[in-house]
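None of these values were measured; they are calculated from a predicted model. Only this structure's heavy atoms are used, side chains among them; waters, hydrogens and symmetry mates stay out.
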Amino acid sequence: MKIGTINIDWFKKSLDTKKHILEEINVQDFDFLVVTENLEEIEISEKYFAYHSDKIPLQETFEYLDYKKYLNGKQAIRTSIYSKIPSIKKNKTSDGLTSVCHSFKINDKEITIYGTIICTWGIKYQKEIAKKELLDFINDVDNLAKENNSLILAGDFNTSFDSSEMRQLAQINSREVLKSVTEKYGFERTTENIKDNIDHIFFSKSIRSLEPYVWFSDIDLKDGCHKGIGVNFES
C-alpha cells in the first residue's frame, strides 16, 4: 500500500501549480494521503473518502490571522486524510482544528492514521502557538499508541531531522522533542533522512515501511520548505 503527505499552502500559489499538484496526486494513486493547509472546496479525487479536521473559524481573527480575508472567503482546513478505504472509527485528538485521526480495516488488520501540522503560523509564534501544537501531538501519540498497535503519523512537522540543517522550531527544540516521543513508542522515522524536508511519515514497528521518496519537489511546489513525500508499506 502507499501513503503520501503534502502541504499545499491553501493553494495560494498559481493555478498551474494547483493543477500540477492535483494531476500528480492522481498519478501517484495513493491509498492514503494526508494534506495539510487544505481548503474545504478542494476535491482531490472521486476515488477518495475525505476526513477533515474541524473548520477554522472565519467570523473572527483566529490565532492572529483573519483566515476569511487571507483566503478570500474560502474555508481553511488545517489537516485532511484522503483514503480509498472508508473509516471504521474516528479517534479523538487534543485539538480538532489542527489534527485528524481515523482507523481503517485492511486485510482484517486495523491501521490508525494520525494527520497533523505543528506550527500553523510559520515561526513567528513558536512559544505561543507551535508549542501548544507540539504538546498536543505528544499527548495524542501517548493516547493513541496505547490503544493502537499499528499507527501511522503523518503531516507537516516543520522539522528536519538532519542536525546540519536549520529547519526546525528552534525556540521549542522540536527536533529533539519529536525524536524523544517517537523513540519512546518505537516509531520508525521513515522519512527523516530526506534532505531539506520538514514533512514526514512515521510508522509503528508493527508496520513494515519501505524506502520513502519525493513525489513532488519543493521547486515544483514553489515552496522551499515543503515537498510531497510518499512511502510504500506492507499492511
Side-chain angles (χ1 to χ4, degrees), residues 1-39 41-45 47-48 50 70-71 74 76-84 98 100 113-123 130 133 152-170 174-175 178-179 182 187-203 209-233:
M1 304 200 78
K2 186 192 295 189
I3 183 170
T5 189
I6 189 170
N7 181 313
I8 62 172
D9 190 26
W10 322 107
F11 274 131
K12 288 178 65 66
K13 304 298 190 295
S14 69
L15 290 176
D16 284 344
T17 300
K18 175 181 177 181
K19 180 182 178 182
H20 189 186
I21 292 171
L22 293 175
E23 287 176 345
E24 188 58 33
I25 288 173
N26 188 58
V27 169
Q28 289 295 319
D29 196 29
F30 293 107
D31 296 286
F32 301 98
L33 176 66
V34 174
V35 176
T36 52
E37 295 192 350
N38 197 12
L39 297 174
E41 67 174 24
I42 298 301
E43 292 186 10
I44 296 294
S45 171
K47 63 188 171 187
Y48 290 119
Y70 183 62
L71 298 176
K74 297 174 182 177
I77 300 290
R78 283 182 170 169
T79 309
S80 300
I81 298 173
Y82 294 94
S83 169
K84 289 183 180 178
T98 303
V100 59
I113 297 177
Y114 173 83
T116 195
I117 179 169
I118 299 171
C119 194
T120 52
W121 222 114
I123 62 172
E133 292 169 352
I152 301 174
L153 313 175
D156 174 13
F157 296 164
N158 275 294
T159 301
S160 161
F161 289 88
D162 185 336
S163 59
S164 69
E165 297 176 1
M166 301 299 290
R167 299 180 183 279
Q168 71 156 328
L169 303 168
S174 63
R175 180 179 294 135
L178 288 169
K179 281 184 177 180
T182 51
F187 281 91
E188 183 73 30
R189 292 192 298 273
T190 308
T191 54
E192 74 172 345
N193 292 323
I194 299 176
K195 296 293 293 182
D196 296 313
N197 175 51
I198 60 176
D199 302 276
H200 292 284
I201 307 172
F202 301 152
F203 294 81
S209 59
L210 306 178
E211 191 70 21
Y213 64 96
V214 175
W215 59 272
F216 210 89
S217 73
D218 49 353
I219 296 173
D220 290 329
L221 199 56
K222 294 180 172 57
D223 189 334
C225 294
H226 295 288
K227 293 179 173 69
I229 302 299
V231 181
N232 290 291
F233 67 95

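- For the side chain to side chain donor-acceptor pair (under 3.5 Å) with D156, the lone residue among T36, N7, T120 that qualifies is N7.
- Crowding of E43 atom CD: a count of heavy atoms from other residues, nucleotides or ligands under 6.0 Å not exceeding 12.
- With salt bridges taken as basic N to acidic carboxylate O contacts below 4.0 Å, none links R78 and E37.
- Annotation: side chain of H200 is not in contact with side chain of R189 (no heavy-atom distance under 4.5 Å).
- Rounded to the nearest 0.5 angstrom, L33 CG and I81 CD1 are separated by 10.0 Å.
- Figure legend: cation-pi geometry between K12 and Y70, with NZ or CZ positioned under 6.0 Å from the six-membered ring centre and within 45° of its axis.
- One finds a salt bridge joining E165 and K195 here, because a Lys/Arg side-chain nitrogen approaches an Asp/Glu carboxylate oxygen to under 4.0 Å.
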Go through the steps for T159 and R175 under the test side chain to side chain donor-acceptor pair (under 3.5 Å), then give the verdict.
CA-CA 6 Å; T159 301; R175 180 179 294 135; over 6 Å; no

Assess the residue pair S164 and D162 against the criterion (side chain to side chain donor-acceptor pair (under 3.5 Å)); give the C-alpha distance rounded to whole Å, side-chain angles, the decisive distance to 0.1 Å, and a yes or no.
CA-CA 5 Å; S164 69; D162 185 336; 2.7 Å; yes

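- In terms of heavy atoms, Y48 sits closest to D29 at OH-C, 3.8 Å.
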Steps toward side chain to side chain donor-acceptor pair (under 3.5 Å) verdict (N38, S80)
CA-CA 7 Å; N38 197 12; S80 300; 2.9 Å; yes

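- In terms of heavy atoms, T116 sits closest to F157 at CG2-CE2, 3.7 Å.
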